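Since we're looking at a predicted model, the values are computed, not measured. As the structure lists them, so they are numbered: ligands from 1, and atoms in each ligand from 1.
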Amino acid sequence: MEIFKYMENFDYEQVVFCQDKKSGLKAIVSIHDTTLGPALGGSRMWPYVKEEDAILDVLRLSRGMTYKAAAGGLNLGGGKSVIIGDPKTDKNPEMFRAFGRFIEGLNGRYITAEDVGTTEEDMNNIHKETNNVTGVTLSSRGAGGNPSPSTGYGVFRGLKAAAVEKFGTDSLEGKVVAVQGLGNVAYALCQHLHKEGAKLVVTDINKERVNRVVEEFGANAVDPKDIYGVNCDIFSPNALGAVINDETIPQLKAKVIAGGANNQLQQDKHGDKLHELGILYAPDYIINVGGLIHVADELKDSFKLERVLNKVKHVYQNMQKVIEISKRDQIATHLAANRMAEERLEAAKKVK
Ligand SMILES: NC(=O)C1=CN([C@@H]2O[C@H](COP(=O)(O)OP(=O)(O)OC[C@H]3O[C@@H](n4cnc5c(N)ncnc54)[C@H](O)[C@@H]3O)[C@@H](O)[C@H]2O)C=CC1
Ligand SMILES: O=C(O)CCC(=O)C(=O)O
């Protein structure tokens with residue numbers, strides 16, 4: 001992979017490789033754009049098979065954060081980091097402290113938080129070395145803890161805004177929602193969906209997580225490979241990215257796609273294909289901004305959950321705006337979302 005070429009194509013500012021032999025840390029920080037403020041985005045720990053997979057993941061994720069913050073009205077830039085390793089077996093506190101020292105070296109240009117494979121405890125270990133971390137439970141500044149429930153709430157609000165467009169009502173009573181991935185975000189989302197009377201069909205590669213939602217929310221479980229073809233109204237991806245692709249689109253029966261996973265579209269052309277098929281795609285970064293709103297609140301004098309949730313509620317209106325632009329300009333929703341984000345970024349660049 002030609003990293004500089006990729007960076008130039010999508011205008012990345014900085015990519016940092018971090019290695020600490022003693023703790024086994026191998027991490028990459030990608031800072032895509034700091035026009036609107038410091039780059040805030042979580043750290044993902046994942047057993048990437050090839051280094052190139054990790055590089056591509058962090059590059060794609062960090063660019064998504066620039067768009068997420070811009071479209072969500074936050075004064076933050078886009079960044080993200082990945083740690084190469086299996087979160088179940090390769091973690092140790094020293095690894096996160098070492099990572100914290102690398103983040104400290106970036107002098108506030110990058111601020112981290114949780115993502116797939118990392119926890120509040122990991123963030124607390126990073127915090128022993130730097131203040132440029134959020135999603136912590138111990139902090140002099142005010143700790144918000146794991147942002148996932150706020151993310152799940154925002155996804156729920158965005159999903160409802162998409163539902164009203166497609167089904168004429170935003171009530172989810174009796175609607176069948178197929179949920180892929182049952183981690184922190186999806187669990188919170190399932191709570192809201194269940195409370196509203198939606199029927200859940202779920203899957204995860206982790207059996208314990210499946211059992212929990214089957215028992216608590218009366219969900220029906222299917223095999224991970226079968227989730228795309230489920231006869232449902234709404235498909236909600238909440239695991240990893242690139243799940244909307246050439247192989248999965250022909251299997252889909254849903255009229256709406258709305259989930260929390262970052263980078264759901266494998267490529268832009270897949271968003272165009274959904275548009276062509278009349279499937280309403282709620283752009284990932286528009287409806288999963290709740291976590292970012294949550295962790296950004298920690299940067300204020302004191303964290304307030306009520307303030308966070310009031311802001312996250314507006315994901316509904318933001319999703320409506322995306323639909324409006326999509327209809328007005330006759331473009332797919334992922335392009336409408338990009339247009340919203342790019343307009344804000346361009347305006348800020350002119351002032352700078
Ligand atoms: N946690 C947060 O606040 C935010 C998370 N996101 C995104 O939402 C997604 C989920 O994040 P979390 O819930 O925090 O992570 P998590 O690690 O708690 O949950 C992910 C779940 O997906 C499952 N999974 C992985 N591969 C799968 C497959 N092929 N089929 C079915 N299940 C699979 C895992 O077993 C796990 O239970 C990620 O894409 C993340 O980047 C986005 C914004 C904020
Ligand atoms: O929710 C978080 O952990 C922080 C923001 C982030 O990394 C994300 O939205 O993907």
Proximal ligand 1 atoms for Gly181, defined as those under 4.0 Å from one of its heavy atoms: 22 (O), 32 (N)
Proximity of Asn238 to ligand 1 by residue part, where a heavy atom lies under 4.0 Å: backbone
For atom 19 (O) of ligand 1, the protein heavy atom that lies nearest, with its residue and separation: Gly183 CA, 3.2 Å
Min heavy-atom dist Arg209 to ligand 1 below 4.0 Å: yes
Close-contact set for ligand 1 against Asp115 heavy atoms, below 4.0 Å: 40 (C), 41 (O)
Listed once per pair and sorted, the side chain to side chain donor-acceptor pair (under 3.5 Å) pairs that draw on residues 189-198, sequence neighbours left out: Lys160-Glu196
Residue portion contacting ligand 1 (non-hydrogen atoms closer than 4.0 Å) for Thr151: side chain
Pair Asp272 + Lys269, salt bridge at N-O below 4.0 Å: no
Protein residue, atom and distance nearest to atom 18 (O) of ligand 1, heavy-atom basis: Asn184 N, 2.9 Å
Which residue and heavy atom of the protein sit nearest atom 15 (O) of ligand 1, plus the separation: Val116 CG2, 3.5 Å
Please set out all donor-acceptor pairs under 3.5 angstrom arising from side-chain atoms of residues 247-254, sequence neighbours excluded.
residue : atom : partner : partner atom : Å
Thr248  : OG1  : Val243  : O            : 2.7
Thr248  : OG1  : Asn245  : N            : 3.0
Thr248  : OG1  : Asn245  : O            : 3.4
Thr248  : OG1  : Asn245  : OD1          : 3.2
Gln251  : NE2  : Glu247  : O            : 3.0
Lys253  : NZ   : Gly229  : O            : 3.1

Over 12 foreign heavy atoms within 6.0 Å of CD, Gln320: yes
Selected option - heavy-atom contact closest to atom 21 (C) of ligand 1, from Val155, Asp204, Ile293: Asp204
Ion pair Asp11/Arg63, N-O distance below 4.0 Å: no
Distance, nearest 0.5 Å, that separates NZ of Lys128 from CD of Glu94: 10.0 Å
Which atom pairs, nitrogen or oxygen on both sides, join ligand 2 and the protein at under 3.5 angstrom?
residue  : atom   : partner : partner atom : Å
ligand 2 : 3 (O)  : Glu114  : O            : 2.5
ligand 2 : 7 (O)  : Gly42   : N            : 2.7
ligand 2 : 7 (O)  : Lys80   : NZ           : 2.7
ligand 2 : 9 (O)  : Lys68   : NZ           : 2.6
ligand 2 : 10 (O) : Lys68   : NZ           : 3.2
ligand 2 : 10 (O) : Lys80   : NZ           : 2.5
ligand 2 : 10 (O) : Asn262  : ND2          : 3.1

Proximity of Phe17 and Phe102 rings by center, below 6.0 Å: no
contact_flag Arg44 ligand 1 heavy-atom lt 4.0 Å: yes
Atoms in ligand 1 flagged as close to Pro147, the criterion being non-hydrogen separation under 4.0 Å: 3 (O)
SB check Lys5 Glu8 (cutoff 4.0 Å): no
Pair Asp33-Lys349, salt bridge (charged side-chain N to carboxylate O under 4.0 Å, His left out): steps then yes or no: CA-CA 11 Å; Asp33 188 292; Lys349 275 182 186 159; 3.8 Å; yes
Salt bridge Glu165-Lys327, side-chain N to carboxylate O under 4.0 Å: yes
Contacts of type salt bridge (Lys or Arg N to Asp or Glu O under 4.0 Å), residue Asp115, not counting sequence neighbours: Arg44, Lys80
Straight-line distance of Phe96 CZ to Ser43 OG, nearest 0.5 Å: 7.5 Å
Lys225 touching ligand 1 at heavy-atom level, < 4.0 angstrom: no
Location of contacts on Glu208 toward ligand 1, heavy atoms closer than 4.0 Å: neither
Ser148, Ala239, Pro87, Gly260: member with heavy atom nearest to atom 38 (C) of ligand 1: Ala239
